[in-house]
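Structure first, commentary second.
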Amino acid sequence: MIFYISALLIIGIGIYALIIKKNLIKIIIGLDLIETGINLLIVSIGYVNGKTAPIFSKDVMNASLMVDPVPQALTLTSIVIGASELALAAAFVVLLYRKYGTLDIRKIRSLRW
Amino acid sequence: MIRKIVYGVFILIIIAAIAIFMSNYKFGVDKMDVGKYYLDNTVPQTGAANVVTSVTLFYRGFDTLGEVTVLFTAALGVAVLYFMGENKRKQKLQESNFVTKIGTRVVFPFILLTGAYIFMHGHLTPGGGFQGGALIATGFLLLYLAYEETSIDRKKFYLVEGLGGLTYVIIGLLGFFMKGSFLANVLPNGTLFDLLSGGIMLPIYIGVGLKVGSELSNIIDDLMCEVKCEEAGGEE
Amino acid sequence: MNFSLLMILLTPIFGGLLAYAGSALHKAVRNIFFLIFLILPFFELYQYANKTIDNFYYLTVLGQSLSLGINALSFMLSLLFSLIFLLAYIFLLFEFDKSEDSDLAILEFSFLEGAVFGVLFARDILSFFIFFEIIALIIFFLIGKGYEESHNAQLKYITWALIGANSMLAAVVFLFFKAGSFGYAEISGYLSTAPTPIVLITFVLFVIGFLIEASIMPLHVWAPITYAEAPDSVSVLLSSVVKKVGLYLFTIFVFSIFGLNLFSKIMPRVFEAPLIMYVLQWIGALTIIIGTFVAIVQEDAKKILAWSSIAQSGYILLGLSLGTPLGVAGGLLHIVNHSIFKGILFFVVGGVIYRTGTKNLSELGGLIKKMPISFISMLLAIIATAGIPPLNGFVSKYLIYEALIQNKEPLLLTIALLGGTGSFMYVYRLIHSIFLGQLPKKYEGVKEVPILMQVPMLVLSLLALLFGVLPGIPMYFVSKAEAFLGFDPIKYTLTGFPEQPGLHALNVPIISAALMGGFVVAALIFYLLPKTRSVHQLDNYYAGEILTEDVKYNYSFGFYSFFDDIIKPFNEWSIDRIYENFVGFVKTVGDYIRRIYTGNLETYVSLGIIILTIFSLIYIIGGVLW
Amino acid sequence: MNIYILIFSYLLLVLTIILSILAIHVKDLLAAVIFMGGGSLLVSLVFLLLQAPDVAMSEAAIGAALTMAIYIVAVKKTEREDNDD
């Protein structure tokens, strides 16, 4: 249960950073926190009390003793995609800084069209 | 301040909604549905010991191809973004100390080796192409941090990356032509716990590992190059 | 050797890819590669003559097998389109000669041909839709390589293509969920028992999509600018292939899938046709008259052709929607004939532009001595366009007129005949302004187009002449297609039509011979009786002044200004204006909506969060309530 | 789940949350980034305790190491102080 609660808390902190913070890097950190929280949530959904990792070995050959592999596989994808999204965001931030000389989103107002 | 409180309430509402939703799924209780099928059938169908790998690569291989594509697009995006802007500002990175330099020399080959080990044993032990590739990229990151003058040969990295991606697609197409569906298993499953088992997973993960490693290294190179990429940026 | 339909479809695509790869080696390698792959479809199609195949399954989607098939109609059209693609490709090689992206153009070209085959062979509503959209997309890319305004044209085209696509997609999805299958046969079976509103709505949705591609009147707005600004070889494809694909689908859907019987069952008959077909007849007639009259006052060579093309597709629509064996035969024959003669016109105009660099009629003139072969081709083509024997346009228009007489529709007949006269006016303006009159000084050095570029014009001109004198050749295919559509094919002979109900006997060679005889007599009188003297164009005087070469003395701007004055009040009413007003309205509304976007990142994030909060609240409250 | 492991994971989660709060609170962006990386590393340990070694490995290699490197580079290339509010 604590896993759920802390995952939700992490998500909440992330959303808070996303809205309240004015600094672009803080905003990206907020995004990253949301992603981490969601990954934690998904993996903890798949957890089953008293079962082991879904990897067969010479000791563990019984499939009924394993936790759910599907959330883990999904989270694997999610982490990689999160990292690539982050790299892209970081590149944007650096470019914005080059152009405007600031990280404060209140001063970067060219999103209007 | 009022703003913060209002948004705090909003966040609480959102989290409460997720929490109410989650209350349907008790923690630690077995709620497997598809998972059961994968657990029961992984060994006979794929011959891989790591069920997570078999799910990512065998049952949901098409997904992973998409994931690789996303990664590729992100690397491309970073490269494009960097070479679009003018690289005027030069900023010297701090000179690293002696211990880092020597330590990097010692550790770097082992990092590469470990990375390769991880992605080659993806179907047997925890890990796989993404993790191994990331580890390899970390090795290059270390190299960058330790040695000011490091600059990877982008052409070769692009080649490796392309070959890795091509492996994936070609194996998929082989499945399409030989078995009638994209990414069908065309290789024998082998015996469990052997390195050469798991059908197409081993070659795919080797391809993915190489691809991810070179891609993330490229991203790092893009991000690190302020001083160094004058020549790389010049050819653009 | 046995070629499957899928292989025919893939042949040009493979060829294009190979050619694209070959372009790395040498341009000649690329050209020859692709040429081979453009000729191959003829051989592959050969074995499908006189065959009807309905279910060649190639893919499974949503548990449904998608199938390809071929019938007499699609066989005829795929043969014709293969020929036009081949010729347009030869032309394209010259047109994109200097262009950087000719390799890419060839690749797009190959995909276009594959997609056209796909539409012709499709036997289910999903495949046809997908291939149709591929056509639209590739045409969109190809247009952009054209003249200065082409990007504007691109936008207009894609907007309209998307309107058509969405309307068709709605019908496809709706029918799929109702009938549970994509196949033409199953859809047809479902429709025969479906409630009337469903039949009407899906029919209108489909027909909007087809008629946009065929540029029929209220939906033609994209056509003039697109035809005029696209590269010349693409204009040929637009007018001779893509438009005909739209009309092919119209034919298939009206006669084979929905079926005239179904319409007669659910709606009253007017003038021996179901009400909706009668409406379509009037739409076709309006297209004829407006297209023709607007074409007359154009100043741009390709715009004349564009409007003429719109008018001629009005004839096809009129003939097809008559729904009688005679009318359908006329419509189908006109599809073939129009593809041929409009192809010549676009090729010739393209060649003139290739040599002179302008498509503005007032800058051209007197090229007859410089480009004699282009002149002869265009002469044949305009005779065909005006519907005069012995060229092919005459036969199909004759059939449509006779069908109108048979249905006793004097008003529509008058319009069709008026359109015929009008078309003579604009084609005469075209040939006069380009080839006759005084040669501007800057075009002294203009040469005839290269021999390979003459091939497309000459081949099509010969076909136009052949099909005009011996209408039995195209009628062979047309009557088979008609039989496939469920009509009693009209009787025909190699040289014309025997006397039969509703159709008077016609023997084109005799008419042609009489006409030729008349010409010969006139020529004899002209050359033999009074001794005529050939004088130079400038050996003349004009308002008391001696003419010099640098003064332009024949007028080619405002050629039909008297006529322009007559129709000017009607031009004010143009449909474009309605659309423009609508666009202005949408822009105003959008401008207001835009105010939400303040340009501040916080606003966007808070918008997202607020929406998320609203959804969460709905979820929580909903959970409490239920 | 073993009671010691459970307590350990509680500890890890509480630490993670504290690190996350610190990460968004501190003014020094470099420090924030390092807190963030530490949080990711702890989360990867939690994944390990949740019997997800694959995910743990990914999170450690990609989420903690690479992401942090990207952050550090971004901070290095822009500015280090978060001087708003």
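Chain A is the first sequence line, chain B the second, and so forth, proteins listed ahead of strands; every chain is numbered from 1.
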Legend entry - Best-contacting candidate, Gly133(B), Gly127(B), Ala137(B), against chain D by heavy atom pairs under 4.5 angstrom: Gly127(B)

Legend entry - Part of Leu66(D) lying under 4.5 Å from any heavy atom of chain B: side chain

Legend entry - Residues forming a ring-ring contact (aromatic ring centres under 6.0 Å, His included) with Phe140(B), sequence neighbours excluded: Phe108(B), Phe157(B)

Quiz: residues 36-52 of chain D side-chain donor-acceptor pairs under 3.5 angstrom, not counting sequence neighbours:
unit_1, atom_1, unit_2, atom_2, d
Ser44(D), OG, Leu41(D), O, 2.7
Gln51(D), OE1, Ala53(A), N, 3.2

Legend entry - Heavy-atom neighbours of Arg105(B) CZ exceed 12 at 6.0 Å: no

Legend entry - From CD1 (Ile72(D)) to CG (Leu141(B)), nearest 0.5 Å: 8.5 Å

Legend entry - Spacing of CG belonging to Asp54(D) relative to CD1 belonging to Ile118(B), to within rounding of 0.5 Å: 10.5 Å

Inset, instruction - Among the options Val212(B), Thr53(B), Asn50(B), Ile219(B), pick out the one with the most heavy-atom pairs lying under 4.5 Å from chain D. - result: Asn50(B)

Legend entry - Leading residue by heavy atom contact count with chain B [cutoff under 4.5 Å; candidates Ala56(D), Ser58(D), Pro53(D)]: Ser58(D)

